[in-house]
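Working notes for the structure below.
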Amino acid sequence: MVEVVKHDVVIVGGGAAGLRAAIAAVEADPDVSVALVSKVYPMRSHTVSAEGGAAAVARDDDSLEMHGYDTVKGSDFLGDQDVIQYFVEEAPKELTRLEHWGCPWSRNEDGSVATRAFGGMSTKRTWFAADKVGFHMLHTLFQTSMKYDRIVRYDEQFVTKLLVDGGVVRGVASLEIRTGQVRAILGRAVILATGGAGKIFPFTTNGMIKTGDGMSLAYREGVALKDMEFVQYHPTGLPGTGILITEATRGEGGHLKNSEGERFLTTRDYGLGTKAELGPRDMISRAIYQEVQAGRGIKGSYGEYVHLDLTHLGEAKLKERLPFVLELGRTYAGVDPVAEPIPIRPVVHYMMGGVDTDIDGATPLSGLYAAGEVACVSLNGANRLGSNSLTECLVFGARSGEKAVEFSKGSNEGSEGAIQTQIEEEVARLDALRGRKKGGEKIAQLRRELNVAMESGCGVYREQSSMRACVETVAQLRGRVSDLRLEDESKVFNTELIAALELINMVDVAEAVANSALSRKESRGAHACSDFGSRDDQNYLYHTTCHFDAAGPRLGKKPVTLGKWEPEERKY
Ligand SMILES: Cc1cc2nc3c(=O)[nH]c(=O)nc-3n(C[C@H](O)[C@H](O)[C@H](O)COP(=O)(O)OP(=O)(O)OC[C@H]3O[C@@H](n4cnc5c(N)ncnc54)[C@H](O)[C@@H]3O)c2cc1C
């Protein structure tokens, strides 16, 4: 018998967005009970690895207007301006609230909150706690969530399916990794807070767990994935591992240099003007790529790279502001950033696209909400500004938590029989996959092929022919993934089964990325298309939507909410 547990709101994900949503939900109503389901112990969510900071207006020389405009411009005018407006207004309140809950923001001499410069932001507005921001934010949220016994945790449980009846989401099917037991966790609203999907690419800053599960869960139930063509490359990852060297290094004054020791962002025209190293990520990643193409890269065992030079900042400042970068450079690149430049190259970092939601985090599927990196609330448009994401998790995590509670009050539990049938089918699917020896395909092989296809088709620069090839490869992988061979029959900690489920999810996400990319015949933000070099507002000022269909993905459009900032050429 499948165990059935009932709550009012089920949240999938224990990162910043999930925890913030959980706290908001229990604070919104003294009677609400929340299930917090996470495939890893919450403190191991990817949020913990965020380094640089979280954006919100804090200084006298700043304004909500400026934060709003920077975000709209950073998005290459594809961000929804009502969402951006709400975001910038709530951002300072959320970061202050986090301070009251115990987040140790770094301070200025006079005791006020310190802020640092970040790419594409016109003044210092990124709050930080040294360069371990995600760690401190997640601790703060986690310990705050523990005050509420109405937040019931289901740690190390892998959600495999949304339970839907009568057009309304009713809960989730969840696999307990330790025992292999499947449980129905029912709720009258469900919030997806499962994070991004960087692992569809081979070279990424993202943790192993970022396989786009929540995107796939929603996609499979007919919810569109929106703006999936926009994949962010971070300019500064360590070659080999992809470990992130935070943008805060440039915020604190670091320089990028080519093989000739030239600070190319200041000497050559990459459209960044005086911004140089403080330009947005898409443009700097392309500049590095072009330097390497022009023969000014430095050859290494993991391909060509350029240098990030921090040596002029001095040991004292590096120790105070960037201690983690010193550690990462020494341990993973074999260089001492105090005395030597750090080798870096662009690396896949963040998904601008995700589950289609409105400003409340509500998806088109009744009762289903999404927040954080899994969602596309249309804050980031075609390119996210660094440090807006952690704040996004708080602002829209909170909003979706409150809205989900409201929804849950007007909803019912659905038909018991229909839910029972779905959960039994899900158990049968997992049983058939576990130890499936009759299959002919290996998980690792398919994952490798998927990764290669995505990098060659949907990298920093894309062209029609390579995107088309990528679409075809992903379509073949969709077929091959149904013929997986699994060796492990055990129910206890069957990590092979988890890897198989994650691979199946990644194919869904990759399908949406590749098909959406192929359909956008212009260059905008992170989507730099060699065959169509400029932005085309006449024909492409819209959000791409991608719906699952057994016959192949269905693409559509959604209007961008414009406002006081008219689209203009994006120059810095
Ligand atoms: C190295 C690095 C540094 C970064 N630095 C910054 C920064 O300085 N500033 C900034 O603004 N942004 C930064 N970002 C981006 C930002 O950290 C993330 O976008 C954000 O933390 C995502 O939070 P989240 O809550 O949406 O998801 P995550 O923190 O990724 O959490 C996802 C949760 O979902 C759960 N989950 C996933 N799938 C399932 C499933 N199938 N079943 C059950 N549970 C599931 C996981 O267990 C996890 O708890 C950084 C990202 C990286 C990778």
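All figures in this text were calculated on a predicted structure; none of them were measured in a lab. Numbering of ligands and ligand atoms starts at 1, following listing order.
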Any sub-3.5 Å donor-acceptor pair from Lys39's side-chain atoms to Ile209's backbone N or O?
yes
Between Ala17 and ligand 1, does any nitrogen or oxygen pair lie at a separation below 3.5 Å? yes
Logged contact type for Ala54 with ligand 1, heavy-atom cut-off 4.0 Å, is neither
request  = Mark yes or no for whether Glu156, through its side chain, and Ile177, through its backbone, hold a donor-acceptor pair below 3.5 Å.
outcome  = no
Would a distance-only check, ignoring hydrogens and angles, find a side-chain to backbone donor-acceptor pair under 3.5 Å from Ser174 to Arg183?
no
For atom 35 (C) of ligand 1, the closest protein heavy atom turns out to be Gly13 CA, 3.5 Å
Note: heavy atom closest to atom 32 (C) of ligand 1, options Thr194, Ile498, Val348, belongs to Thr194
Residue, atom and distance of the protein heavy atom nearest atom 27 (O) of ligand 1 read Gly195 CA, 3.3 Å
Exercise. Is there a donor-acceptor pair closer than 3.5 Å between any side-chain N or O of Asp70 and the backbone N or O of Ser122?
Worked result: yes
Taking Gly119's backbone N and O only, do any of them form a donor-acceptor pair with Glu247's side chain (distance below 3.5 Å, no angle check)? yes
**Asked** Does atom CZ of Arg478 have more than 12 heavy-atom neighbours from other groups under 6.0 Å away?
**Response** yes
Counting heavy atoms under 4.0 Å, the part of Val12 that contacts ligand 1 is side chain
Quick note on ligand 1: atoms under 4.0 Å from a heavy atom of Gln157 include exactly 42 (N), 43 (C)
Value for CZ (Phe128) from CG (Leu390), rounded to nearest 0.5 Å, stands at 14.0 Å
Here the atoms of ligand 1 under 4.0 Å from any heavy atom belonging to Ala193 are 32 (C), 33 (C), 34 (O)
Tyr148 OH: over 12 foreign heavy atoms closer than 6.0 Å: yes
d(Leu430 CG, Lys491 NZ) to nearest 0.5 Å is 9.5 Å
Looking only at non-hydrogen atoms, the one of Arg44, Lys210, Gln232, His349 nearest atom 50 (C) of ligand 1 is His349
Counting from 1 in the order shown, the ligand 1 atoms closer than 4.0 Å to a non-hydrogen atom of Val40 are 47 (O)
To the nearest 0.5 Å, atom CD1 of Ile359 lies from atom CD of Gln85 at 9.5 Å
Atom 53 (C) of ligand 1 has as its nearest protein heavy atom His46 NE2, 1.6 Å
(message) Under 4.0 Å, counting heavy atoms only: does Pro42 come that close to any atom of ligand 1?
(response) no
Report task. Mark the output for Val133 as yes if a heavy-atom distance to ligand 1 is under 4.0 Å, and as no if none is. Result -> no
Check your understanding: Any N/O of Ala16 closer than 3.5 Å to an N/O of ligand 1?
Key -> yes
Give a yes/no verdict on whether any heavy atom in Cys393 is under 4.0 Å from an atom of ligand 1. yes
query: So is Gly14 polar-close to ligand 1, meaning N/O to N/O under 3.5 Å?
result: yes
| ligand 1 and Thr47, any nitrogen or oxygen pair closer than 3.5 angstrom? | yes
> Taking the six-membered ring of Phe548, is NZ or CZ of Arg220 closer than 6.0 Å to its centre and within 45° of its axis?
Replying inline: yes
Purely on distance, is any nitrogen or oxygen of Ala50 under 3.5 Å from one on ligand 1? no
For Asn206, the atoms of ligand 1 under 4.0 Å from one of its heavy atoms are 53 (C)
- Query: Taking N or O atoms only and a 3.5 Å limit, does Thr391 qualify as a polar contact for ligand 1?
  - Reply: no
Atoms of ligand 1 under 4.0 Å from any heavy atom of Gly372, numbered from 1 in the order shown, are 26 (O)
Note: ligand 1 atoms sitting under 4.0 Å from heavy atoms of Thr205 are 53 (C)
**Request:** Would you check whether Ser389 has a nitrogen or oxygen atom less than 3.5 angstrom from a nitrogen or oxygen atom of ligand 1?
**Result:** yes
Counting from 1 in the order shown, the ligand 1 atoms closer than 4.0 Å to a non-hydrogen atom of Gly15 are 25 (O), 29 (O), 31 (O), 33 (C), 49 (O)
**Prompt:** Within 45 degrees of the axis of the six-membered ring of Tyr86 and under 6.0 Å from its centre: does Arg399 put its NZ or CZ there?
**Reply:** yes
| Main-chain N/O of Ala16 paired with Thr47 side-chain donor or acceptor, under 3.5 Å | yes
Indicate yes or no: does an N/O atom of Val159 lie under 3.5 Å from an N/O atom of ligand 1?
-> yes
Counting heavy atoms under 4.0 Å, the part of Arg384 that contacts ligand 1 is side chain
Note: ligand 1 atoms sitting under 4.0 Å from heavy atoms of Ser49 are 1 (C), 2 (C), 3 (C)
(Q) Does Arg345 qualify as a cation-pi partner of Tyr233, given the criterion of NZ or CZ under 6.0 Å from the six-membered ring centre and within 45 degrees of its axis? (A) no
Under a heavy-atom criterion of less than 4.0 Å, does Gly214 contact ligand 1?
no
Flag side-chain contact, heavy atom, 4.5 Å: Arg250 against Ile284:
yes
For this session: Indicate whether the side chain of His527 and that of Asp76 have a donor and an acceptor atom separated by less than 3.5 Å.
Result: no
Of Ile209, Leu244, Thr160, the one whose closest heavy atom lies nearest atom 3 (C) of ligand 1 is Leu244
Does Glu373, backbone or side chain, put an N or O under 3.5 Å from an N or O of ligand 1? yes
Hey, is ligand 1 close enough to Leu390 that some N/O pair sits below 3.5 Å? yes
Test item: Glu277 side-chain N/O and Leu256 main-chain N/O as donor-acceptor pair under 3.5 Å: yes
* Asked: Can Gly134 be said to touch ligand 1, with heavy atoms closer than 4.0 Å?
  -> no
Side chain to side chain contact (heavy atoms under 4.5 Å, CB included) with Lys210: of Glu502, Glu373, Met506, only one passes, and it is Glu373
Logged contact type for Asp213 with ligand 1, heavy-atom cut-off 4.0 Å, is side chain
Parallel, tilted or perpendicular for His349 and His234, by the 30°/60° rule?
perpendicular
